[in-house]
Amino acid sequence: MEEDQAPKYVVPYNIGLFQLLPDHVIHHIMSFLPTTDAVRMSVLSKHWRRMWYSVPALNFCPTDFCFRQKSDEEIYKIIDKCLEQREKGTCHATDSVFTRFKLDVNYGGTGDSLLKKWLNFAIENNTEELDLLPQPKLNYYLLPEEVFSSRSLTLIKLDRVKLEGSYSVNLPYLKTLSLTSIEFRGNNNRVLENLISGCPSLEKLMLNGCIGLLNPRISSSSLKFLEIASCVSCRTIQLQAANLRSFSYNSAIACDIIHLCACKEIRNLSLVGVLLDDRSLENLVLSLPLLESLTVHKSNFGLKHVKIASKSLKCLVLKKFFNKDVSATIKTPNLVSFCYEGHISMKVGMSSNSPNPFEGNIKLEVGDHLKYTS
């Protein structure tokens with residue numbers, strides 16, 4: 001068989017195998033494809049003509065094959081046409097379920113009405129997961145208030161949009177909220193507080209590179225996982241989350257104070273770039289009776305004599321201490337893993353009577369001498 005003839009036989013054979021799969025399996029596979037590709041596959045057979053009407057996810061991204069070398073206006077028309085066909089076609093698909101909507105498009109300020117139309121389509125069709133990334137050319141897209149009154153949404157991921165404080169938020173079943181490069185308008189801290197208060201079931205919150213958060217106050221009885229990264233304007237953070245299990249803070253600009261006294265359930269704590277002195281670190285560990293994993297990285301601007309005492313701590317990571325003359329006294333009877341990375345002039349005194357196997361990992365930088373006692 002000649003090489004240029006192979007596709008004529010191989011491709012139909014593979015498609016034939018694909019068509020033998022049950023419809024629900026095909027729908028699941030197609031849900032991970034760009035929606036424009038799912039639409040193109042409808043030409044394969046009569047049975048597939050309306051197949052994409054039942055695909056549970058709609059994904060529109062600038063990397064889609066149909067969007068290549070097309071202007072923003074042409075892309076808008078393609079997306080609009082797809083959603084119009086989907087809306088008309090759902091009357092022919094009794095098993096149509098709409099669970100995920102991802103929209104990643106260039107935004108130049110001219111597509112406001114269309115973006116709002118598409119978001120309303122997702123909300124009216126009871127989508128459960130919304131992933132919105134309007135790539136701004138000039139100003140960020142101001143999210144319409146309708147998004148925050150959905151009773152079906154369980155996950156929201158927003159990237160490079162504007163939020164304002166006048167929203168009336170009612171998201172009773174939202175469990176995951178991810179905010180990346182968000183521009184908060186008006187009373188910046190109040191915008192976040194208002195948003196969280198309207199999510200009574202929220203369990204996971206991620207803030208990454210958000211603009212304008214100075215002294216955020218995060219209060220939630222349902223929150224279990226919190227991650228704050230690259231929010232360089234944060235100076236103090238106050239957390240009132242009685243059921244918080246994991247908290248991670250990471251920023252190149254040091255945060256002055258993080259209040260965790262109301263978070264007794266924390267098991268995992270990671271602090272990168274937080275102003276700490278000897279007393280504040282010692283009290284922080286003592287205030288978290290269930291703490292199992294602690295990472296302190298680039299956070300020792302005032303540390304000289306570190307004291308860590310915890311019966312529950314199992315994993316301890318100390319990295320990149322700026323002060324070369326630091327001593328550490330570690331009393332952790334259940335510690336099973338310890339990692340230190342930094343100058344070798346640090347003195348470490350450890351006391352651990354753990355019955356479990358102990359693992360140690362020490363990476364030293366060029367300096368003076370490491371003194372270790374146990």
Side-chain angles (χ1 to χ4, degrees), residues 156 158 163-165 169 174 176-200 202-303 308 317-320 322:
I156 294 178
L158 302 176
L163 302 178
E164 59 181 19
V169 181
L174 190 73
T176 301
L177 177 62
S178 175
L179 304 177
T180 301
S181 300
I182 300 299
E183 180 183 323
F184 292 96
R185 299 184 65 181
N187 188 332
N188 300 339
N189 298 323
R190 180 57 185 163
V191 176
L192 181 61
E193 292 177 21
N194 179 52
L195 183 56
I196 294 174
S197 66
C199 305
L202 188 64
E203 296 182 359
K204 191 173 184 178
L205 174 62
M206 290 159 286
L207 305 172
N208 190 353
C210 295
I211 302 170
L213 287 178
L214 299 177
N215 303 294
R217 177 178 173 271
I218 298 174
S219 177
S220 171
S221 60
S222 61
L223 194 63
K224 295 180 180 179
F225 178 94
L226 174 61
E227 179 181 306
I228 300 177
S230 302
C231 297
V232 295
S233 57
C234 287
R235 288 297 172 262
T236 64
I237 300 173
Q238 184 170 346
L239 303 181
Q240 294 181 343
N243 292 300
L244 191 66
R245 301 294 183 89
S246 177
F247 173 56
S248 172
Y249 178 87
N250 188 336
S251 180
I253 305 298
C255 180
D256 295 335
I257 301 174
I258 297 179
H259 297 282
L260 294 173
C261 57
C263 306
K264 303 295 184 182
E265 295 291 321
I266 288 183
R267 268 78 164 171
N268 301 296
L269 177 63
S270 177
L271 301 176
V272 180
V274 179
L275 290 176
L276 293 171
D277 56 25
D278 297 331
R279 180 65 62 85
S280 62
L281 178 57
E282 181 180 5
N283 291 340
L284 176 62
V285 175
L286 291 174
S287 69
L288 303 175
L290 302 179
L291 187 64
E292 296 181 359
S293 176
L294 173 64
T295 296
V296 180
H297 188 189
K298 296 182 180 179
S299 301
N300 64 316
F301 294 89
L303 293 177
I308 296 176
V317 178
L318 303 176
K319 286 188 176 183
K320 296 295 183 181
F322 292 127

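All values reported here derive from a predicted model rather than from experimental measurement.
Here the shortest heavy-atom pairing between Ala262 and Leu239 reads CB-O, 3.9 Å. In plain terms, the two heavy atoms of Ile196 and Ser220 that are nearest each other are CG2-CB, 4.0 Å. Leu318 approaches Ile308 most closely through the heavy-atom pair CD2-CD1, 4.4 Å. Between Cys231 and Cys210, the shortest heavy-atom distance links the atoms SG-N, 3.6 Å. The two residues Leu192 and Pro216 have their closest heavy-atom pair at CD2-CB, 4.1 Å.
To the nearest 0.5 Å, atoms CG (Leu288) and SG (Cys261) are separated by 10.0 Å. In this structure, CD1 on Ile218 lies 8.0 Å from CG on Leu213, to the nearest 0.5 angstrom. Residue Ile156 holds its CD1 atom at 9.5 Å from CG of Leu202, rounded to the nearest 0.5 Å. Rounded to the nearest 0.5 Å, atoms CG (Leu195) and CD1 (Ile182) are 9.5 Å apart. In this structure, CD1 on Ile258 lies 12.0 Å from CD on Gln238, to the nearest 0.5 angstrom. Distance CG/Leu158 to CG/Leu177: 6.5 Å, rounded to 0.5 Å.
With sequence neighbours excluded, the residues satisfying side-chain hydrogen bond (donor to acceptor under 3.5 Å, both in side chains) with Ser280 are Asp277. Scored by the side-chain hydrogen bond (donor to acceptor under 3.5 Å, both in side chains) test, Ser246 finds no partners at all (sequence neighbours excluded).
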Output, in order, the C-alpha distance, side-chain angles, deciding distance and verdict of side-chain contact (heavy atoms from CB on, under 4.5 Å) for Arg190 and Phe184.
-> CA-CA 9 Å; Arg190 180 57 185 163; Phe184 292 96; over 6 Å; no

Could you walk me through whether Phe247 and Ile228 pass the side-chain contact (heavy atoms from CB on, under 4.5 Å) check?
-> CA-CA 8 Å; Phe247 173 56; Ile228 300 177; 4.1 Å; yes

Kindly determine whether Arg245 and Leu290 satisfy side-chain contact (heavy atoms from CB on, under 4.5 Å), including the steps that lead there.
-> CA-CA 9 Å; Arg245 301 294 183 89; Leu290 302 179; over 6 Å; no

Dump the intermediate steps for side-chain contact (heavy atoms from CB on, under 4.5 Å) on Asn283 and Arg279, then the final yes or no.
-> CA-CA 6 Å; Asn283 291 340; Arg279 180 65 62 85; 3.3 Å; yes

Can you check side chain to side chain donor-acceptor pair (under 3.5 Å) on Thr236 and Asn215, steps first, answer last?
-> CA-CA 5 Å; Thr236 64; Asn215 303 294; 2.7 Å; yes

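Contact of the Glu203 side chain with the Asn243 side chain is not registered, since no non-hydrogen atoms from C-beta on lie closer than 4.5 Å.
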If you look only at distance, which donor and acceptor atoms sit under 3.5 Å apart when one is on a side chain in residues 263-275 and the other is two or more places apart or in another chain?
| from | atom 1 | to | atom 2 | distance (Å) |
| --- | --- | --- | --- | --- |
| Lys264 | NZ | Ser287 | O | 3.4 |
| Glu265 | OE1 | Arg267 | NH1 | 2.8 |
| Arg267 | NH1 | Glu265 | O | 2.9 |

